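In what follows, every chain begins at residue 1, and chains take the letters A, B, ... in the order their sequences are listed. What you are looking at is a predicted structure, and each value in this text was computed from that prediction instead of being measured.
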2 protein chains.
Amino acid sequence: MKTSLTDELRAAGKRMTRTRKAVLVVLEASQFPLSATELYTQLTNGNVAIDLVTVYRNLTALKELGMVTQLELHQEGQFRYEIKEGREHHHHIRCKICGRIVDLLLCPLKKLTALIEQETRFVVGDHSLEFSGWCPKCQ
Amino acid sequence: MKTSLTDELRAAGKRMTRTRKAVLVVLEASQFPLSATELYTQLTNGNVAIDLVTVYRNLTALKELGMVTQLELHQEGQFRYEIKEGREHHHHIRCKICGRIVDLLLCPLKKLTALIEQETRFVVGDHSLEFSGWCPKCQ
DNA sequence: ACGCTAGTGCAAGTCTCTTGCAAATAACAT
DNA sequence: ATGTTATTTGCAAGAGACTTGCACTAGCGT
């Protein structure tokens, strides 16, 4: 993990603590976005002493600093979190059977945004676009 | 509300009950997708005696029959429900300030689906695409 | 090394949604 | 109409994700 993250935190009056570092390391290593519980389980299994509450509080803090993205996959009913550092804006597809989550490397929505703003007079901020389906193994 | 809905229910071994009808009427009248709690509040204010549990159970049943769509708006952390009858497949935008929800009449994802299936070898089932931003009044 | 303040753990609470069970009622047969 | 039965309902309780209060701990700036 880059030391720049520590500096970034410090600049925002935050500290790079033992637990916060552990959260960042696990998020950085993950190939797919993690829920708070999954993150907690991975930390605990990796012998990091941490409370679930602390996981939530860190995720919230990191989200507010823009270091982590919070997302909701299609109809999952919970939030997942992903490191932003070094990753392009992207979306996901999740298998309805086994739950496997895969990154999609495209986002077709730049043009659409202008259209929506024209149509609704809203100013578009964020969007979420998540797919579900059946992965190769579960078909 | 059309009587065909009653027939549709009956064909599936379900009954058109007092409460179920009330749920459908409120959903049909709503200009935007409702959460279970909002639906419950509207029913109660409209002097329909109903339990929140019954609202949930009806929404689940209607969803399974394909008469109602369940959706999650961007980062809202709860489900919303919408009547399918007579409405095209569409998406939504929600104001980050006042929570106002507006339908979007376009879905740009038909072409994209083929691309995703090619890229991931998944079979694409559903997708959710929801925007958030700032509505005209809140800008 | 000290002190201030952010961060943490524990307990308890909130909110959304689900389940178990006995009583009520819609649909159907007689 | 009346009875039968399976669906539906209400109430109580529970599950799961997430939040809050508070006293204690520990970064990190001096």
Please give, in whole Å, the distance from [N] [atom2] to [X] [atom1]?
{"X": "D7(B)", "N": "dA26(C)", "atom1": "CG", "atom2": "C1'", "answer": "15 Å"}
{"X": "Y40(A)", "N": "dG9(C)", "atom1": "OH", "atom2": "C1'", "answer": "11 Å"}
{"X": "L52(B)", "N": "dT16(C)", "atom1": "CG", "atom2": "C1'", "answer": "9 Å"}
{"X": "E38(B)", "N": "dC17(C)", "atom1": "CD", "atom2": "P", "answer": "10 Å"}
{"X": "I50(B)", "N": "dC11(D)", "atom1": "CD1", "atom2": "P", "answer": "11 Å"}
{"X": "L73(B)", "N": "dT16(C)", "atom1": "CG", "atom2": "P", "answer": "14 Å"}
{"X": "N58(B)", "N": "dG10(D)", "atom1": "CG", "atom2": "C1'", "answer": "13 Å"}
{"X": "M16(A)", "N": "dA6(C)", "atom1": "CE", "atom2": "C1'", "answer": "14 Å"}

Next item on the list: May I ask you to say whether R94(A) pairs ionically with E76(A), meaning some side-chain N is under 4.0 Å from a carboxylate O?
Entry: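 Answer for the salt bridge query: yes.
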
Note to self: At less than 4.0 Å, is any side-chain N or O atom of T54(B) found next to OP1 or OP2 of dG10(D)? Yes or no.
What the structure shows: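 Result: yes.
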
Notebook entry, point to check: Which sits closer to the 5' end of DNA chain D, G13(B) or D51(B), going by the nucleotide each is nearest to?
Noted result: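 In this pair, the answer is G13(B).
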
So, the side chain of [X] versus the backbone of [Y]: is there a donor-acceptor pair under 3.5 Å, distance only?
{"X": "T17(B)", "Y": "R20(B)", "value": "yes"}
{"X": "E117(A)", "Y": "V124(A)", "value": "yes"}
{"X": "Q70(B)", "Y": "Y81(B)", "value": "no"}

Would you list the protein and nucleotides 22-26 of chain D atom pairs, both N or O, that sit under 3.5 Å from each other?
none

Check: So which one's nearest nucleotide on DNA chain C is more toward 5', T37(B) or R10(B)?
Finding: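 Taking each residue's closest nucleotide, the earlier one in sequence belongs to T37(B).
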
Check: How do R18(A) and K14(B) order along DNA chain C: which one's closest nucleotide is nearer the 5' end?
Finding: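 Checking each residue's closest nucleotide, the 5'-ward one belongs to R18(A).
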
Note to self: With rounding to the nearest 0.5 angstrom, report the CD1 to CG distance, I93(B) to D126(A).
What the structure shows: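 Rounded to the nearest 0.5 Å, the CD1-CG separation comes to 10.0 Å.
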
Note to self: Can a side-chain donor-acceptor contact be found between H127(B) and H89(B) if the only test is distance below 3.5 angstrom?
What the structure shows: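 Short answer, yes.
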
Next item on the list: Could you tell me whether R87(A) atom CZ has more than 12 heavy atoms of other residues or ligands within 6.0 Å of it?
Entry: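 Counting other residues, nucleotides and ligands, CZ of R87(A) exceeds 12 neighbours.
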
Check: Looking at the side chain of Y56(A), which of dG9(C), dA6(C), dC18(D) is the nearest nucleotide?
Finding: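 So the nucleotide nearest the side chain must be dC18(D).
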
Next item on the list: Give A61(A) one of three labels, base, sugar-phosphate or nothing, depending on what nucleic acid heavy atoms sit under 4.0 Å from its own.
Entry: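 Since no nucleic acid heavy atom lies under 4.0 Å of A61(A), the category is nothing.
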
